[in-house]
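Report on the following structure.
Predicted model, so just to flag it, every value in this text is computed and none were measured.
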Amino acid sequence: MPRWNFQAVEKAAPDASSLTAARKLAVPGPWSETGSTDTLVWGRCQGSGRTPYQVSIDLAGPAYRCSCPSRKFPCKHALALLLLWVRSDGAVADAAEPAGFAGDWAATRAERAAGAAAAEARRPVDPEARARRIAERRATMSAALEDFAQWLADLARSGTATTRRQPWTWWDTTAARLVDGQVPGLAERLRDMAAAVGSREDWAEHLLTEAGRWWLAVQAWRRWDDLAPETQGDLRTYLGWSWGADDLADAEPAAGWQVLGAHRDETGRLKEQRTWLRSVATGELVLVLDFAGGPQPLPVPQLDGSVVDVPLVRYPGSAPARARFAAPPAPLSLGTPLPSGGSLADARAALSDLWRRNPWAVRVPAVVRGRLVPPYDGAPATFVDESGDTVDVLGPDPWDALAATGGAVTDVFGELEERGLRPLSLVGVDR
């Protein structure tokens, strides 16, 4: 198991406030019974109560457990323990066996994983029942999408300018009908548009573009049986029709995948985490897309730059290629360098090609070479490639990336969208 560094711990933090709080706790004083093995780190942290919190970390997941009431994963106590561990100054000593509470937790996780895998293997498949469920789902979705088509026609007749005078309930009522009709993906996009119309300067162009995608989705759904399987997969993902185990092929054998970067979007009711992987053997790029609703937490993100050994289950669709982990990833190494970066022109050509294959796609992964330019005079931060081509930088806070590069030319991995580039990882001045 490769040893983490400070940058890896920082990437594992769910937000900046958790990391700030963890740094205050990353001192030996409140800690007792700390230790580590090849796969586990544990300790007890004295909080405000009489009983210390029990903190356990499975490095192979990574996975975290703390007896504190926080709903963040990892919480500040787990982050603080990791910070103590990576210092290698003896505060967290190596041990032959884990503490009882940590060992019991790890054993329970292993038993649950084995039990779930065995139950899935034993689950019988009833083709007739499955076909009936699919037919019922399609009928429900068809009714909802026909209703939505009428809503779009009314929007076109009244004009897009009228949308700025509509209350939030006008959007939310339509979105709620889509949810009732089992089209949650389209409903979430409608709610996002309600916010965009009131906040974006280019709201009219954005609405017209998105309305075109909505209408295309309705028309494609009407011709579902005539679509190629890849297009069916793309449309199903866009509409929010989730995939069951019976819909997917068997898992591929475990292989080495480099974690290029990850991004969390928690602005809507449905939280989303995107993790981009690159095959060590072939260079293929794959997206692992996780969702969580309401109070449910997203999976703990993998570490940028790490290489994990993991089997994947592929989802139907054209591009971007999507998969999920068929088993917990086993880390092989940390700090693997990014592939050599190309130009923004190449990245934009890849985005255009993606839209030709999947008109509902939003972004394309890209490694580009250039430098970050800080924001000034109200203008956003920009990325400039070696040919002088520029693109706006997406995201609220570019300063960490600017500090890491010092304005020097470097390789940056990110997501290129219509509005700009979202950097997810980069090669800093200290590599």
Side-chain angles (χ1 to χ4, degrees), residues 15 140-222 234-242 263-274 289-298 351 355 358-364 378 380 392-397 415-422:
D15 50 48
T140 301
M141 293 176 65
S142 294
L145 288 170
E146 289 302 321
D147 181 63
F148 182 63
Q150 184 60 53
W151 183 87
L152 280 174
D154 293 341
L155 173 63
R157 279 192 292 268
S158 60
T160 56
T162 61
T163 59
R164 273 211 152 181
R165 300 193 296 270
Q166 298 291 351
W168 165 259
T169 53
W170 182 75
W171 300 92
D172 190 57
T173 300
T174 303
R177 289 201 297 267
L178 287 170
V179 171
D180 293 340
Q182 298 184 320
V183 194
L186 198 53
E188 195 66 22
R189 287 171 173 83
L190 200 65
R191 291 187 171 111
D192 290 343
M193 182 57 67
V197 165
S199 61
R200 288 179 54 156
E201 293 183 0
D202 63 341
W203 67 270
E205 180 181 354
H206 178 57
L207 173 59
L208 187 61
T209 300
E210 286 301 301
R213 289 193 176 101
W214 298 341
W215 185 251
L216 181 62
V218 171
Q219 297 301 321
W221 180 261
R222 289 169 173 171
D234 295 334
L235 178 59
R236 181 167 173 167
T237 299
Y238 181 75
L239 297 177
W241 182 2
S242 60
H263 176 71
R264 284 186 169 187
D265 185 356
E266 302 187 26
T267 56
R269 300 186 183 186
L270 191 66
K271 295 173 286 190
E272 177 182 296
Q273 177 172 280
R274 301 187 295 272
L289 189 59
D290 296 300
F291 296 99
Q296 294 179 333
L298 286 165
L351 183 59
W355 281 336
N358 180 3
W360 302 290
V362 176
R363 56 189 64 87
V364 68
D392 288 347
V393 171
L394 302 179
D397 186 4
E415 299 171 333
L416 182 66
E417 303 179 5
E418 183 180 1
R419 297 182 68 194
L421 175 71
R422 179 181 294 104

Could you list the donor-acceptor pairs under 3.5 angstrom formed between side-chain atoms of residues 175-186 and any protein atom two or more places apart in sequence or on another chain?
residue, atom, partner, partner atom, Å
R177, NE, D147, OD2, 2.9
Q182, OE1, R137, NE, 3.3

* To do: Give the minimum heavy-atom separation between E418 and L351, together with the two atoms involved.
  =>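 That would be N-CD2, 4.3 Å.
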* Taking all atoms of both residues into account, what is the closest heavy-atom pair of A149 and R222, and its distance? ->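 Closest approach of A149 to R222: CB-NH2, 3.6 Å.
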Got [X] and [Y] here, is their nearest side-chain heavy-atom distance under 4.5 Å?
{"X": "W355", "Y": "V364", "result": "no"}
{"X": "W170", "Y": "T174", "result": "no"}
{"X": "D172", "Y": "R191", "result": "yes"}
{"X": "D392", "Y": "R419", "result": "no"}

So how far is it from [X] [atom1] to [Y] [atom2], rounded to the nearest 0.5 Å?
{"X": "W151", "Y": "L155", "atom1": "CH2", "atom2": "CG", "result": "5.0 Å"}
{"X": "W221", "Y": "W241", "atom1": "CH2", "atom2": "CH2", "result": "5.0 Å"}
{"X": "E205", "Y": "D202", "atom1": "CD", "atom2": "CG", "result": "6.0 Å"}
{"X": "D234", "Y": "N358", "atom1": "CG", "atom2": "CG", "result": "3.5 Å"}
{"X": "R213", "Y": "Y238", "atom1": "CZ", "atom2": "OH", "result": "7.0 Å"}
{"X": "L394", "Y": "H263", "atom1": "CG", "atom2": "NE2", "result": "9.0 Å"}

* To do: Kindly say whether the aromatic ring centers of W360 and W214 come within a distance under 6.0 Å.
  =>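 Between W360 and W214, the centre distance exceeds or equals 6.0 Å.
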* Check: R164 side chain, V197 main-chain N or O, donor-acceptor pair, under 3.5 Å ->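 Yes, the answer is positive, given that a donor and an acceptor are paired below the 3.5 Å cut-off.
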* **Note: R274-E415 ion pair, threshold 4.0 Å (strictly below)** =>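 Yes, R274 and E415 are salt-bridged.
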* Asked: Are the charged groups of E417 and R422 less than 4.0 angstrom apart, N to O?
  ->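 R422 and E417: salt-bridged.
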* Over 12 foreign heavy atoms within 6.0 Å of CD, Q166 ->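 Above 12, so yes.
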* To do: Check step by step if side chain to side chain contact (heavy atoms under 4.5 Å, CB included) holds for W203 and M193.
  => CA-CA 9 Å; W203 67 270; M193 182 57 67; over 6 Å; no
